[in-house]
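First the structure, in the form of structure tokens, and then the observations on it.
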Amino acid sequence: MALTSSLFLSIIFIILLNGQSLHASEDNRKAFIVYMGERKQNQPSTSASLHMSMLQKVAGSNVGVGSLLRSYQRSFNGFVARLTEKEAQQLAETEGVVSVFPSEKQQLHTTRSWDFIGFPETVKRSTTESDIIIGVLDTGISPKSPSFNDKGFGPPPKKWKGSCQVSANFSCNNKVIGAKYYRSDGSIPEDDVKSPMDTDGHGTHTASTAAGGLVKDASFFGLASGTARGGVPSARVAAYKVCWNDGCTDADILAAFDDAIADGVDIISVSLSSGSSDYFKNVIAIGAFHAMRNGILTSVSAGNGGPQLETIANFAPWTLSVAASTTDRDFFTKLQLGNNVSYKGFSISTSDIKNLPIIYGGDAPAEGFEGSSSRFCRTGSLDKNKVMGKIVFCDDLTSGGGPLLANAAGAVLSGREFGETSSPFPLPTAYLTRKDGSQAYIYINSTRNPTGTISKSTQQINKMAPMVASFSSRGPSPINPNILKPDLTAPGSNILAGWPATASLTGFELDKRVSAFNIISGTSMSCPHASAAAAYVKSFHPTWSPAAVKSSLMTTANPLNADLNPDAEFSYGSGQINPSKAAFPGLVYDVVEADYVNLLCGEGYTTKLLQIVTGNSKSSCPANHGTSPDLNYPAFVTSASPAKSINKVFNRTVTNVGSPTSTYEAKVIAPPGFKVEVNPSVLCFTSLGEKQSYTVTVQGVADKKTVVSGSLIWDDGTYQVKSPIVVYIPIDASDALVHSYHKSFNGFAAKLTKDEVQKLAEMEGVVSVFPSGKKQLHTTRSWDFMGFSKQVQRAELESDIIIGMLDTGIWPESESFNDEGFGPPPHKWKGFCQESSNFSCNNKIIGARYYRSDGIFGEKDIISPRDSNGHGSHTSSTAAGASVRDASLFGLGSGTARGGVPSARIAVYKICWFDGCFDADILAAFDDAIADGVDIISLSVGGSTSFDYFNDSIAIGAFHSMKNGILTSNSAGNSGPGPATITNLSPWSLSVAASTIDRKFLTQVKLGNGEVYEGISVNTFNLDEKFFPVIHGRHAPNKRGGFTSDESRYCEAESLDKRLVRNKIVLCDWSGGDGSAASIGGASGIIMQDEEVKDFARLFPIPASTFNPKQGDEISLYPDLTAPGVDILAAWSEATSPTRQANDKRVVSYNIISGTSMSCPHATAAAAYVKSFNPTWSPAAIKSALMTSAYPLSDEINKDGEFAYGSGHIDPLRSIRPGLVYDAGESDYVEFLCGQGYSTKSLRLVTGDKSSSCSKVKKLHASDLNYPSFALSTTSTKPITRTFHRTVTNVGSPASTYNAIVKSPKGMKVIVKPRTLRFDYVGQKKSFVVKVRARVDANDRNMISGALVWDDGDTQVRSPIVAYYSSSTSY
């Protein structure tokens, strides 16, 4: 390939040392490649003597042997020699020579719940239960629900002071004794009603769970059949509608609390949350505090933000915070595929569908969407015409709205994680684990007519119950973590309860099913269970304080298994509620208002504020209230630092509510590693209401485990009063502190609340605080991003596939190249390993060589196949690296690193060094790789474009690879976004563009004026919590070095004055550099402004951020397809730093870099994956499979359309079964080359076939090469018409019929003849003609594009059609 000129002056030095006689023109000599085509088959090898003879004819007989740098003789014929321009011209005219060209440098992201907890219908009831009033703050209520029938109820209790807002559609009764609605802004949503009527369902469900009457034969379409009932079915309900279809406002919540307290309710149930962590900026905490002051306990849901720690939404110590746990009932939905394989789905389906076609959502994008979006079946993304009446397979959990609105008959969802509960969907749905989903997807792609049956759900026993649900929020409390939160847990999973007949069962208008009961999950469902339990206790003890009621529930709760719930008490509190025991707890830990006031004083609230809150002018905080006092809570929680001893003393007082005369003994189970003493250990009571105090001392040393727990039980032989003892390492020092960066830079990763994030962001010395959106990741991301997970189907032949990597070598010690589990190399392997004292191969890296035609090595080069650059290790591991867990770049990009074909073998050909990659070496590597027996060649190298294929070393090597059945995957180049910048464009190779993934790295810069800017860079440093002076590069020119301000403003090498930039942040006007000038100058950081940087992050040797005034995400290239190439994490050489700069001393095993060099190995792996399933396919067939199965990208985001992304984004899973392929062999390319003007003589030399003749074959126009795309250009704005001839080969179902589907934009008309292709067997070929008439507006985008899709109902074979305007016509 002709590249920028570079003289081989170093070669001259070698010649002088060798004492060779030189011609006068020696100073003008440089390395040239003499390419002579195919190696003659009738000779064992092409002799180097022949090449020397040819050299001597033009250079003279005195030319030295050293002038012949390399002979190619294994796979094709040619040599490299030092020549003058004249000698090169003479050789070019020599018989048998195809071409002579310089060797130049190339550049390198039910009801059952109450029975389950031991609270049967026949439990002892208080005669005053019907006097208990539960106030429910929710979405209203449906009083016509059978759960609220008032038969047998007398009038409301006399204490009731509330009212009922009666309307045309709403009235109360003696069960629902009061109801009000609240809407502070006065506007009522269109789909709601101006009354307490529940149009959502949530309020009816929670109210009936707490206090619903007995309803026999209740069910959800036959599921969960039984008697539905609330915990206190005789209690009364007062409904306060604070939530509407558009949410719940704080003003309305507080208004409802205000009314409920005054109305005379006994318990308030609130299944919602308010945001602030300041108690008195949180309406629920405020309302609950005033409820407490009036003797009313507020039961609140813990929240649905789990399973992360410190996600609890309601944590005020005067509330009862309730987590959600499972019951011993679960629902499963069976999916049976057409191959008779069945899978268990986790969903609630009320009907079944049988033997319906299945379609992959990614194959059915609606207009305006792409397969990459429709694969998730989001609302509006699916094409109704394609999915109507079918089952849609979706790649992730969805509400079902997308398939429903697209008129699908059912849905199969993939991605269910352990612990997720079954949920109802608006249409028959099976929610599969990712493993089962992968198998189902493989089936869908393995047959022409995939079908499936989704059965109605069945009920099964959940033997692991009770277990805290994954969605349930965890503690500890963000304000006072030493007060246990949540307090306890209650059933909240798959709860059957009342539902309004007017409310949708799933929230979708198109879901027309009607049921008096529904099954849903959440802490919203567990909260009313606890509310009912509290009401039950209150019915027996109407004078008990809220704290006493709460204490009775906590000390009688059944402890859960910490092995099943690793967050222990921070997930389930004291345990699961046991209402029947709670009514008779024996002892209670009571708390009064004054105790809470003292607590608040210790938490920093002022006397003045607390006097206002309590309305008590006598409330006063003591002078020494610096620490939070020991609240009389029925749990013992203390923090500890790792490896440090603690000695914590708790003071508690219990009140006797059991037997008047009783003696309780302390029974202690100490947390592991700790000693617990109780003093006194015996409590003797002589009357009811008597109080006794004691202390608990916890001593010991905490280990690394975040939470350890034990218990204290006061036992009198009748009552067991149990309290948990919890020792934890604070979340800011353990579990929350995910990682501490201190070896190379300063910072940390932690789990934080929103308030904590804001506080940290405002701290001095903090550069940025931003969410780590990568916790769910399971790989280096790029493979999963394109839907190619670790669990995809693998061919047994994958371990026989050999990928030849032409690059900078490899770092064999990387975990990515561990050969554990590999057998010996495949029998076809004919290569070898250039071992040395610092390098050896293994059964993963089966071969390795290095090439340096001039024999000159740089100071940083390692003379072996070992990678001293990093690039080769990165590309090799991206293609075929093994799975390596916990890989990251200083915590960034963390996950499991893996290649696309982790079982494949790697053969390494080191052609690139620190000063570049030479054509001579590239061709030498091709020569060896072809002969060695590789299956795919990967080459992430390129330079300037040569428009003569045979003056291009890569095009030459790829041509001979093609002749030997080997596909070459090339990077398209990194010269975008300008048009016509592609560097590898031979039609027999696979040219790969680079695209983004759903991950990017941002760096924030905070200026002294408080302004914060966000830039794009991979910044692994932190500036030690300091602000630094900022200087513009133009103000610090290195005048001694001869640099001016106009040069130093760009911060180029050596342009900055070290004295002026040391310990400062340098602002530069251009980011094309690598940051070395500022780094070497001793700068503390660098800020670069670059209008070209848009979509990838760079790595710098010092803290840096790159800003782009113009937003956009496009890389303008003209490739075959695109693959992930931005911010790719993969293996790295430990012989160099992440930035390869001398002053960067960091050593990493994995690095994050971007470029088409990173996209190329993704495509290489995809090609290898196809090859492993179809080992006999030609390179063109593999290439066709990748192109026709690719996802088209949005031309709104990528303005250059197909010239940016080719056929689209690779989809390896779909490419193994493409249905049809556009095949092409050597003869097709010869005809193409004849049409391009190459002579018979040249082509005979290239192919080694003397029968090749352009006069005997059809001179193929470029448009008629059997390529899986159609392109036509024009230099006029007038319409242009072109006819394309194509042939496809059936590789799908033996008997199949494909119909042509044309997608053409305005300005383009496409005619396909015939429009139907019928096949009878695999391998059968069918031809067709495509006629395109197009008019291109040169003043618009210069191009329009459509597509031809051959569709047999099973497979869609897509080819883009592009018409474009060109200043000079080319096809």
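- With hydrogens and angles left out, the side-chain atoms of Thr523 and Asn304 include a donor and acceptor closer than 3.5 Å.
- Looking only at distances, a side-chain donor or acceptor of Ser472 sits under 3.5 Å from a matching main-chain atom of Ala324.
- Side-chain atoms of Val265 and Ile134, non-hydrogen and from C-beta on, never get closer than 4.5 Å to each other.
- Of all non-hydrogen atoms in Thr555 and Pro634, the two that sit nearest each other are CG2-CB, 3.9 Å.
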Could you walk me through whether Ser130 and Ser234 satisfy the side chain to side chain donor-acceptor pair (under 3.5 Å) test, starting with their C-alpha distance in whole Å, then the side-chain angles of each, then the deciding distance to 0.1 Å, before giving a yes or no?
CA-CA 5 Å; Ser130 66; Ser234 298; over 6 Å; no
Derivation and outcome, salt bridge (charged side-chain N to carboxylate O under 4.0 Å, His left out), residues Arg474 and Asp567 = CA-CA 8 Å; Arg474 269 65 168 172; Asp567 297 321; 3.5 Å; yes
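- For the residue pair Lys722 and Ser711, no side-chain donor N or O sits within less than 3.5 Å of a side-chain acceptor on the partner.
- Pairs of residues two or more places apart, or lying in two chains, that qualify as side chain to side chain donor-acceptor pair (under 3.5 Å) and include a residue from residues 289-298 are Arg293-Glu593.
- Annotation: salt bridge (Lys or Arg N to Asp or Glu O under 4.0 Å) contacts of Asp192 (sequence neighbours excluded): Lys241.
- Checked against the 6.0 Å centroid criterion, the rings of Phe570 and Tyr728 qualify as a close aromatic pair.
- Each salt bridge (charged side-chain N to carboxylate O under 4.0 Å, His left out) pair with one or both residues in residues 543-558, not counting sequence neighbours, appears once here: Asp487-Lys550.
- Taking the six-membered ring where tryptophan is involved, the planes of Tyr279 and Phe315 are tilted, since the angle between them lies from 30° to 60°.
- Ser619 places none of its side-chain heavy atoms less than 4.5 Å from the side chain of Thr607.
- Under 3.5 Å, the side chains of Asn482 and Tyr633 contain no donor-acceptor pair of N or O atoms.
- Applying side-chain contact (heavy atoms from CB on, under 4.5 Å) to Ile267 and the options Ile133, Leu320, Leu297, Val537 leaves one that passes, Leu297.
- For the pair Lys648 and Phe650, the cation-pi test (distance below 6.0 Å, angle within 45°) is passed.
- Judged by distance alone, with hydrogens and angles left aside, the side-chain atoms of Ser142 form no donor-acceptor pair with the main-chain N or O of Pro500 at under 3.5 Å.
- A side-chain N or O of Thr249 and one of Asp252 form a donor-acceptor pair less than 3.5 Å apart.
- Scanning for ring-ring contact (aromatic ring centres under 6.0 Å, His included) contacts around Phe584 gives Phe540, with sequence neighbours left out.
- A salt bridge links Lys159 with Asp266: the closest approach of a Lys/Arg side-chain nitrogen to an acidic carboxylate oxygen falls below 4.0 angstrom.
- Residue pairs satisfying the disulfide (SG to SG under 2.5 Å) criterion with at least one member in residues 139-174, sequence neighbours excluded, are listed as follows: Cys164-Cys172.
- Checking Ser269 against Ser531 by side-chain atom types alone, a donor-acceptor pair falls below 3.5 Å.
- Residue pairs meeting the side chain to side chain donor-acceptor pair (under 3.5 Å) criterion with at least one partner in residues 171-182, sequence neighbours excluded, are Tyr182-Asp259.
- When atom types are taken as modelled, the side chain of Ser477 and the backbone of Ile483 share no donor-acceptor pair closer than 3.5 angstrom.
- Side-chain atoms of Tyr694 and Leu712, non-hydrogen and from C-beta on, do get closer than 4.5 Å to each other.
- Listed for the Trp318 side chain is a donor-acceptor partner under 3.5 Å among the backbone atoms of Ala285.
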For this session: Evaluate the criterion salt bridge (charged side-chain N to carboxylate O under 4.0 Å, His left out) for residue pair Asp630 and Arg652; output intermediate values, then yes/no.
Result: CA-CA 8 Å; Asp630 207 358; Arg652 292 291 186 269; 2.9 Å; yes
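- Side chain of His529 to main chain of Pro491: a donor-acceptor pair is present (N/O by atom type, distance under 3.5 Å, no hydrogens or angles).
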